[in-house]
Amino acid sequence: MESKNVGALLQLASPKYYEDGGNIDAADDLDYAGLREYLNGKFQEARAIRYEIRYRRVLREDDVIFVDYTYSASYRIPGRKGEEWRRKVEDNRLELVEHQDEYRIVAGM
């Protein structure tokens, strides 16, 4: 994340990746192609990224592994008065499924 390595981030995602944005508005839903577009576009505007994760719980239900975590993201982006730092702290959940003898993220990236 911090090195903005799009190829490495996409390797973590399943081709079946789908994120519904946590609401009923389909306009902000993101599939694998949308994730790639975001990482190659808007994500690249960040001049610097600092990303910390605190894992809270890992559990398995059937064929899905859920990873609950809290993240703190600080990033520098172009703003009205030059570059500005922003910070976001939130809880999130990764969902992973088996894909060719490894696990890939299907939601929550």
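Index from 1, following the sequence.
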Colleague: Got a second to check how far Ile105's CD1 is from Gln11's CD, nearest 0.5 Å?
Modeller: 12.0 Å

Colleague: Is there a side-chain contact between Tyr69 and Arg54 (heavy atoms, below 4.5 Å)?
Modeller: no

Colleague: How long is the gap from CZ on Arg47 to CD on Glu45, to the nearest 0.5 Å?
Modeller: 7.5 Å

Colleague: Only pairs at least two apart or in different chains count here, so list each ring pair (Phe, Tyr, Trp, His ring centres under 6.0 Å) that has a residue in residues 80-109.
Modeller: none

Colleague: Just wondering, are more than 12 heavy atoms of other shown residues or ligands nearer than 6.0 Å to OH in Tyr55?
Modeller: no

Colleague: Which of these, Glu52, Lys88, Arg86, Arg87, sits in a side chain to side chain contact (heavy atoms under 4.5 Å, CB included) with Ser74?
Modeller: Arg87

Colleague: Working to the nearest 0.5 angstrom, can you tell me the gap between Leu12 CG and Glu102 CD?
Modeller: 9.0 Å

Colleague: For the CZ atom of Arg104 and the CG atom of Leu96, what is their distance to the nearest 0.5 Å?
Modeller: 11.0 Å

Colleague: Could you tell me which non-hydrogen atom of Arg56 sits nearest to which non-hydrogen atom of Asp91, and how far apart they are?
Modeller: NH1-OD1, 3.2 Å

Colleague: For the residue pair Ile65 and Glu95, establish whether any side-chain heavy-atom pair is separated by less than 4.5 Å.
Modeller: no

Colleague: Applying salt bridge (Lys or Arg N to Asp or Glu O under 4.0 Å) as the test, list every pair that has at least one member in residues 2-14; sequence neighbours left out.
Modeller: Glu2-Arg50

Colleague: Checking one residue: Val106. Which other hydrophobic residues are in its cluster under the side-chain 4.5 Å linking rule?
Modeller: Leu59, Val64, Phe66, Val97

